[in-house]
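Quick notes on the structure that follows.
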Amino acid sequence: MKLLHFADLHLDAPFAWLDPDAARRRRQHRRDTLTRILALAEAEQVDAILSAGDLFEHDRVTPDTVAFLQASFARSTRPIYLAPGNHDWYGPQSPYAVIEWTANVHVFTEAALRPEPLTPDLTLWGAAHRAPANTDGFFSNFRATGAGRHLALAHASERSWLTAQESGKQPHAPFDAEEIAASGLSHAFLGHFHVPKDAERHTYPGNPDPLEFGETGERGVVLATVAPDGSVSRERRPVAVSQVHDVEVALDGCEHADDVRDRVNAGIGALRGSVRVTLTGTVAPVVRVDSADLSALGGHLDGLVIRRDRITVGFDLPGIAEEATVRGQFVRTALEIPDPDRRRRVVLLGLRAFEDRADLEVV
Amino acid sequence: MWIERITARSFGALRDQTLELGPGMNVVFGPNEAGKSTWHAAIRMALTGVRRGRGSATREASMLEDQHRPWDDPDRWAVEARIRLADRRIDLVQDLLGKVACRATDVDLGVDVSAEITRPDGTPDASIWLGLDRDAFATTLSVGQGDMLAVADSAGALQEHMQRAAAAHGTDATAAGAIERLREYRRRAVGADTAVAKGPLRAAMREAAVRDDELAEARRRHAAYLEHGAEAEAAAHALAEAERRLALLRLGQAQSSAAAARRRADRAAELSARHPIPPRRLAARDELADAVAGALAGWVARPAAPTWSTGRSSAAIEAELAAIPAAPVGDVTPASAVLAAFRELDLAEEAERAIRRVPAEEAMPPAGPAGSMAIIAAAGLLVAAAIGLMAGAPLPAIALGAGALALIAWWILGSRRASRPATIRQSGTAEDRGRQAHERATAARDALAERLRERGVEPGPDPRSAYDGYLAACRDRAAMADTAAGAEALRRELGSARAAEELAADAARALAATEAGLRAALAGTDPRADDQTPIGDVVARLEAWQAARADETVQAERSIREYEELTGLLDGKTVADLAADAARTEARALSLGAAAGPGATPLEGDEQAAADDVERRREAAASLSGAMDVREADLVDVAAAEEMATAAHARVEAVTELASVIDETMALLEAAQRQVHRDLAPVLATAIREWLPTLSAGAYVEAGVNPADLSIEVKEAATGAWRQAKLLSEGTREQIYLLLRLAMAQHLVTTAESAPMLLDEVTAQADTDRKRAILDMLQSLAVERQLVLFTHDDAVLEWAESHLRGESHRVIRLPASTTMPAGPEPVSVAIGSGA
């Protein structure tokens, strides 16, 4: 039994940090990613496709996306099992309920695990979120019944891993890892955590197409082979369409704004997709680092984000703080501001004001 | 700190020249172009070096560096110095070009102490030992001719200079200026936060509000779309259900129709095979069958054969009746009047006999025999009744017998009751009583005779005998009457016998007629039948004939009915047509069944109502679907709206945050200004106060500095009034300025070191007296710090040479020109004993 497991595609989710056109392209990339996933399922001749929730975003899903899903799944020759998550929760208005899915699509609609036989000896238990929040755990007090081996498909939060998630995930449908085995399940194919994880008895594939900068881990889909004894072997495959890059550009030694532009250009010139440039290093107070100017360098990209908060401006703050002047007094008190970013901004703004500089803006 | 010497290795026009300085007041004299400014710059750069990399912190520093690059040696730009700190001597080497071979060395220990004064850019800066930096060194420890000119020219310059000096090392800015720049920046980058404002903050807020509205509208439309989608789906589902129901109804009806058509076709085929031609119709009336039925009905209704119980014929009875005598004439039972008369006679005669036995008889118990008889009679009555009952006698007879006995008993008792009064009444004589009794007896005999006559009996002389004869005659007649009564019964029997005999005769006649009818009927059914056939067989044969005829009739009727049914079934069609119809309807049913899917259960019901329901639901679904299309077309991309709104709010947040940062920065600057001015004001006031009486020739005796703006006031000695320092004379202001700069310098130096001061032509604008006053003051101040005064003024040189005494002071004459490399060394003269 060979299964393709994916989750957290988040069709129609917004990208607040991108301009409208780029955001639209990124949303299209996610659709393209689903097309890749379905094509991979055909190529690999998997026995079933498992979607562990957050396939789309209920509050944002467009009719076009709904039609796309319906047509894409209809074209697939594979059985497709859908377990709604907290973003695509199941309800009477849900596309899950409204769409007339083709016969190869099975939607789990109950807030408790329900069986669906994959083979006479293998049962897939699936459950749905029926509200956007406050869904109880699916595995506590659950016991798989019937002969053969049992698998599960759900959108759920493994408690011990909550803190490891980069985006502060809420504990939707929480569970403890040991509940899987205690429930009589051989393995649980899950969604919700975007960071991939291969645990002994459960799997998080991670979001198949990048959603944010700084995502780590081998995200994509999981090709899972289920042995007769219920054990699962996994192979991860990348399917992302979007390219997302995190680039650090050191500005040490830059003597003017052109130097800064050159450094940033060198850092992003060969890249495509969305790029986040984090500027680092120490620049002289006279060097102008303008976000708007630098953002214009990303015309060939889907999106360019410039972070300046890690630049150190070359003021001798300890020395200035020693001064018996107003400036020294100002720096001494400003350095007591607890929030580092706020402190940086106030100090730089004040010092630049003393110098009568045009580039007072500190971001 | 003080500077022992400066060596310009390659600096401007200077090359390998050294300037030796003393710890007190140093006057460096030279005409124009002698290199005073170059030495001034060399001192600064020897101590502080220059910033690594392009660009400088200030425009002034940048200009200064450009001015003093080596004129003829672009590969080397270096200057050295030896300085004295409170506890050690330091040699400084500044590689101004490469910024590499820079170092600071403790002369006595030979230790590299560069690390103590290395700036973040890697270059050493000795101003660190004073708590200053490169730029601050220039602005704090250097007073130029321009500063003095400004103070002299502008009354307000003095305060501004103080503010600037107090504001920041190395800049020309004042704190107030910085705050004002921030305020302007805030106006430009944030703007006011009022409803009518048009600045960035309000513009961002307005845009955010618009984006929020757009997002809310997008969400509203999206929610409506989802809701409508659910409704459309429900309507579509309901339509599908209705269509399904209609299909199942049609399937049910099709199957029923198919079954009916099949039954019709099969039946028609069956009837058609059975009746290829129309069956013969029955005669309107079957007379023979009617005759048979009538004969059999007569047979069934024939009279029963007469039966008799006695077995006697009427003739026998008539013979017996003829032998019975006629009924007697006379009483068959004694008449009661006769009986009563006899009892009266009997009583009268008893009474007569009784009177004749008196008195002996009177002693006898009265009515003994009579009472006994009465009792016996009563007992006899009961016994007779009982016997009568037991013997089964009819109740009237028993009653009659009992009545007779009761009468007898009553009579006996009554006699006794009647005789008693007579006896009592016979209270007269016995004779009387005897006569009366005799009379009574006589009358009784007469009465009895009369009664007997009345019954046709001649009493004769002895009525008693006549009476007995009468009783015997009655008994005889009674016997005769009984015999006569038997004749009546025979007559009734005779009547019955005759009636029975008539009935029997009638029955025999009827039976004969019936049998004749049967035989006639049989002859009708079977001409060969003869009259000898027993009537039972006749009946049986007729019944068999009738049964066969009935079967024949039923069959004929059935055939007719079936043919009529066939005609109805065909209804103008042929059997083949019906079979084709059946096949067609069966095919349709199969087709509908296949469309309904396996396991579909056909329904029964009103197809039209179901079809109407489907139509209604189809219209509703189409309406919702149409509305859905409109809503879909009306949708706004929620994600895009969110992105726009988020971006707009990010702008608001950014501007708000910027405003907050600016506000906090300004607040901190204002607080810092207040704090520093508050600290500085007394320092400055003290510095002025010490010298003010001398400098003003006693005109002013007190000085004060306002911490708010560092404005200076002086107290007039004559009047005691406070005046603004800016109103003082130029000379006084210059001197006060120098005092303040020195005080400020020492205040701004944050270490224990004294701060050397570089003074460039600070007396240039002063007249002779003021010049002397300044120089005197500087000499006094030079006790506590090193002063280096650059001047081209001969008067100053003259003053120096006449006033500066001791090892700590120097008067240095620069050569006329420094344009030649490795030119003559400056002449440094230590003014002291032997100098």
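Just so it is clear: chains get the letters A, B, ... in the order the sequence lines come, proteins before strands, and each one is counted from 1.
- Residue B/E184 qualifies as enclosed at atom CD: its count of foreign heavy atoms under 6.0 Å is above 12.
- By the 4.5 Å heavy-atom criterion applied to side chains, B/V676 and A/F330 are not counted as neighbours.
- The CZ atom of A/R352 sits 11.5 Å away from the OG1 atom of B/T665 when rounded to the nearest 0.5 Å.
- Not one N or O on the side chain of A/R60 forms a donor-acceptor pair closer than 3.5 Å with the backbone of B/A639.
- Using a cut-off of 4.0 Å between Lys/Arg side-chain N and Asp/Glu carboxylate O, A/R27 and B/D637 are scored as salt-bridged.
- Contact annotation for A/I99: neither backbone nor side-chain heavy atoms come within less than 4.5 Å of a heavy atom of chain B.
- Contact of the B/L668 side chain with the A/I337 side chain is registered, since non-hydrogen atoms from C-beta on lie closer than 4.5 Å.
- For the pairing with A/V98, the side-chain contact (heavy atoms from CB on, under 4.5 Å) check across B/E233, B/M628, B/H237 returns one residue only, B/E233.
- Salt bridge absent: A/R345 and B/E664 never bring a charged side-chain N and a carboxylate O closer than 4.0 Å.
- Within the 4.5 Å cutoff, no side-chain heavy atoms of A/T333 are placed close to those of B/Q675.
- By the 4.5 Å heavy-atom criterion applied to side chains, A/V61 and B/H222 are counted as neighbours.
- In this structure, the portions of A/A334 lying under 4.5 Å from any heavy atom of chain B include both its backbone and its side chain.
- Side-chain contact between B/Y225 and A/V66 is present, with heavy atoms from C-beta onward closer than 4.5 Å.
- Minimum heavy-atom separation, A/P14 to B/E643: CA-OE2, 3.2 Å.
- A/Q93 has its side chain out of reach of B/H228: every pair of non-hydrogen atoms, C-beta onward, lies at least 4.5 Å apart.
- Ranking A/D59, A/D12, A/T62 against chain B, the residue ahead of the rest is A/D59, based on heavy-atom pairs under 4.5 Å.
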